[in-house]
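Worksheet: one structure, shown below.
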Amino acid sequence: MDNITHSLVGLLTAETALAALRLKSPEASPSRRTKVAFLLAALISNNICDLDFVLGLILEPQRLQYLLQHRGHTHTLLLAPVQALFIGLGFLAFAKIKKFAWESFELKGIAILSVLGCLLHLVLDFLNQYGIHPFWPFYNGWFYADMMF
């Protein structure tokens, strides 16, 4: 999958979460801060797995190293929650710098969207012919659905 598709899926997920908030309390619409936080959390989490190219640049800066590292360690079930945790910590650090506190429902939404985004990224990459190896380091085999190229 390309990052535009991952981004669109993330934005759709965030909009779904915002719509669920509106259904829960129709009289209170989510604030602009909540909307931006949910959209950013979903957008970042649906793309963070593809930062694996940085590892390729650090380890062996060669021309085709990206192809060897892509869909590597960052595309595993072991590191998906860790990546979501980093996203959540980023939102907490931002709130501390700007000197405000997130509401509890905002923190829950950011956490859910972060974890869901990382997992959706893995599912979408699983669907094509390149696949992923989600159980690394315990099993290094590749899984792919071969449903799209």
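These numbers were taken from a predicted model, which means no experiment stands behind them.
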Q) For H6 and L43, what are the C-alpha separation, side-chain angles and deciding distance, and is it a side chain to side chain contact (heavy atoms under 4.5 Å, CB included)? A) CA-CA 8 Å; H6 286 301; L43 188 64; over 6 Å; no

Q. Please walk me through it: do L124 and V9 pass side chain to side chain contact (heavy atoms under 4.5 Å, CB included)?
A. CA-CA 9 Å; L124 289 174; V9 167; 3.7 Å; yes

Q: For S45 and L113, indicate whether the former's side chain and the latter's backbone hold a donor-acceptor pair under 3.5 Å.
A: yes

Q. Yes or no on side chain to side chain contact (heavy atoms under 4.5 Å, CB included) for V82 and L79, after CA distance, side-chain angles and deciding distance?
A. CA-CA 5 Å; V82 174; L79 286 182; 4.2 Å; yes

Q. Rounded to the nearest 0.5 Å, how far apart are CG of L122 and OG1 of T76?
A. 7.5 Å

Q.
Using side chain to side chain donor-acceptor pair (under 3.5 Å), reason through T13 and T16 one step at a time and then give a plain yes or no.
A. CA-CA 5 Å; T13 307; T16 304; over 6 Å; no

Q.
Please check: side-chain N/O of H121 versus main-chain N/O of C49, any donor-acceptor pairing under 3.5 Å?
A. no

Q: Return the orientation label for the F94 and F100 ring planes: parallel under 30°, perpendicular over 60°, tilted otherwise.
A: perpendicular

Q) Got a donor-acceptor contact below 3.5 angstrom from the W102 side chain to the F91 backbone? A) yes

Q: Compute whether any side-chain donor of one residue and acceptor of the other, for N47 and S7, lie under 3.5 angstrom apart.
A: yes

Q.
Rounded at 0.5 Å granularity, tell me how far CZ in F38 sits from OG in S114.
A. 10.0 Å

(Q) Using 0.5 Å steps for rounding, measure from the CG atom of L18 to the OG1 atom of T34. (A) 8.0 Å

Q: Compute whether any side-chain donor of one residue and acceptor of the other, for N140 and H133, lie under 3.5 angstrom apart.
A: yes

Q.
Please tell me whether H75 and D125 have a donor and an acceptor in their side chains that are separated by less than 3.5 angstrom.
A. yes

Q) Atom CD of Q83 and atom CG of L119: how far apart are they, to the nearest 0.5 Å? A) 10.0 Å

Q.
Under the criterion side chain to side chain contact (heavy atoms under 4.5 Å, CB included), I'd like the reasoning laid out for L8 against L12: C-alpha separation, chi angles, the key distance, then a yes or no.
A. CA-CA 6 Å; L8 291 174; L12 179 64; over 6 Å; no

